[in-house]
Amino acid sequence: MTTVPPAPDPQPSGTDSGEAPLVSVGVLGARGRMGAEVVKAVNAADDMELVAMVDAGDWLFNVADAGAQVVVDFTRPDVVMDNIRFCIDQDIHCVVGTTGFDQERLDTVRAWLEPKPELGVVIAPNFGIGAILLMRFAQEAARFFPSTEIVELHHPQKVDAPSGTAVRTARLIAQARRAAGMAPAPDATTDSLPGARGADVEGVAVHAVRLSGLVAHQEVLLGAEGETLTLRHDSYDRASFMPGVLLAVREVRRRPGLTVGIESFLGL
Ligand SMILES: NC(=O)C1=CN([C@@H]2O[C@H](COP(=O)(O)OP(=O)(O)OC[C@H]3O[C@@H](n4cnc5c(N)ncnc54)[C@H](OP(=O)(O)O)[C@@H]3O)[C@@H](O)[C@H]2O)C=CC1
Ligand SMILES: O=C(O)C1=N[C@H](C(=O)O)C[C@H](O)C1
């Protein structure tokens with residue numbers, strides 16, 4: 001797919017009317033499930049203009065040639081680092097929803113940004129407001145419950161497991177448990193089939209379900225003697241991620257450096 005200019009705008013810059021200029025946005029992964037939703041959302045936003053859509057096999061320079069100020073990336077964990085590097089080299093701000101970021105990758109992006117103090121990159125494993133609140137609630141609750149496990153449930157086309165959201169939730173819970181000086185969660189299992197107890201993310205068990213009919217869902221199960229607390233979030237439609245994505249596109253140009261998660265944009 002080559003660069004596809006948006007429908008002509010009667011006042012493309014917004015400046016003739018005295019309004020703020022439109023933010024020029026390029027979308028990477030534009031033909032994918034999330035990318036296509038971002039294209040729709042940007043086209044519907046009256047303060048943005050879509051200047052480039054790029055997918056696998058397309059010429060990445062299209063986003064630079066089209067003058068994108070902000071690129072939104074929903075591609076794949078195995079290509080996203082190259083895309084970010086490219087955007088930083090081209091002085092383009094980046095909003096990244098693609099998953100697969102560990103501490104090493106985040107440190108690498110931070111290092112790439114050092115010589116470009118005016119540039120912003122936002123990397124968020126989940127732009128859904130409910131999912132962000134679930135992470136916060138889980139973090140708050142963790143210190144009160146000796147046991148915490150995570151079950152994430154997604155559509156079967158998802159390429160990574162566990163989900164980026166589940167990994168981040170587990171890390172936040174683990175951090176809260178460490179800060180509270182808690183012992184490891186009780187678990188007497190000595191004999192199980194490999195995988196039966198899920199993945200171990202900093203001491204928190206994470207279980208991944210892939211099921212036709214699902215979109216993106218997560219439960220955090222917390223247990224103490226005689227009681228459990230279950231926190232659950234459901235994204236039934238990818239439209240649920242769009243308010244967060246558009247917020248990040250608006251914020252990224254005034255947030256230089258690397259921002260992980262959009263909690264701070266929401267006042268959390
Ligand atoms: N942060 C958040 O809120 C959310 C994050 N995600 C994450 O977003 C990512 C994408 O998810 P989803 O949209 O479902 O996946 P899709 O597979 O539907 O979309 C990814 C698209 O990117 C394309 N692509 C692959 N390589 C490149 C490249 N080098 N340059 C440009 N495009 C490329 C793919 O093409 P092809 O199929 O030909 O490879 C595909 O069209 C995943 O990591 C997912 O976990 C998803 C939902 C919400
Ligand atoms: O691939 C998906 O669909 C999703 N990916 C993100 C993740 O891995 O956390 C966000 C959401 O769960 C949907």
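The first residue of the sequence shown is numbered 1, and numbering continues consecutively from there. Each ligand, and each atom within it, is numbered from 1 in the order the structure gives.
Looking at Gly164, Pro125, Gly128, Ala131 and measuring to atom 10 (C) of ligand 2, the nearest heavy atom belongs to Pro125. The residue among Val27, Thr99, Thr75 with a heavy atom at the shortest distance from atom 9 (C) of ligand 1 is Thr75. Of the listed options Lys158, Arg238, Met53, Met242, Lys158 places a heavy atom closest to atom 45 (O) of ligand 1. With Ile262, Asn126, Val79, Asp160 as candidates, the residue nearest to atom 28 (C) of ligand 1 on a non-hydrogen basis is Val79.
In terms of polar-atom proximity, Gly128 is not counted as a contact of ligand 1, lacking any N or O under 3.5 Å from an N or O of the ligand. Residue contacts with ligand 1: Asp55 is placed with a nitrogen or oxygen under 3.5 Å of a nitrogen or oxygen of the ligand (distance criterion only). Here's the thing with Ala56: one of its N/O atoms is less than 3.5 angstrom from an N/O atom of ligand 1. Checked against a 3.5 angstrom limit, the closest N/O atoms of Ala124 and ligand 1 fall inside it.
From the protein, the heavy atom lying nearest to atom 17 (O) of ligand 1 is Arg33 NH2, 3.5 Å. Here the heavy atom of the protein found nearest to atom 9 (O) of ligand 2 is Thr165 OG1, 2.4 Å. Nearest non-hydrogen protein atom to atom 19 (O) of ligand 1 is Gly32 CA, 3.3 Å. Nearest to atom 8 (O) of ligand 2 among the protein's heavy atoms is Lys158 NZ, 2.6 Å. In terms of protein heavy-atom proximity, atom 22 (O) of ligand 1 is nearest to Gly29 CA, 3.4 Å. Regarding atom 4 (C) of ligand 1, its nearest protein heavy-atom neighbour is Phe74 CE2, 3.6 Å.
Both the backbone and the side chain of Phe127 come within 4.0 Å of ligand 1, counting heavy atoms alone. For Ala30, no heavy-atom contact with ligand 1 is shorter than 4.0 Å. Contacts of Pro125 with ligand 1, taken as heavy-atom pairs under 4.0 Å, involve the backbone alone. Within the 4.0 Å heavy-atom criterion, the part of Asn126 lying near ligand 2 is the side chain and not the backbone. Residue-level proximity to ligand 2 for His154 is carried by the side chain, the only part with a heavy atom below 4.0 angstrom.
A salt bridge is defined here as a Lys NZ or Arg NE, NH1 or NH2 lying under 4.0 Å from an Asp or Glu carboxylate O, and Arg210 with Glu152 meets this definition. Taking a cutoff of 4.0 Å between a charged side-chain nitrogen and a carboxylate oxygen, Arg85 and Asp82 do not qualify as a salt bridge.
Hydrophobic clustering (side-chain heavy atoms under 4.5 Å, transitive across Ile, Leu, Val, Met, Phe, Trp, Tyr) keeps Val260 apart from Ile262.
Residue contacts with ligand 1 do not include Gly164, since none of its heavy atoms lies under 4.0 Å from the ligand. Under the 4.0 angstrom criterion for non-hydrogen atoms, His155 is in contact with ligand 2.
Of all atoms in ligand 1, listed by their number and element, those nearer than 4.0 Å to a heavy atom of Met34 are 13 (O), 46 (C), 47 (C), 48 (C).
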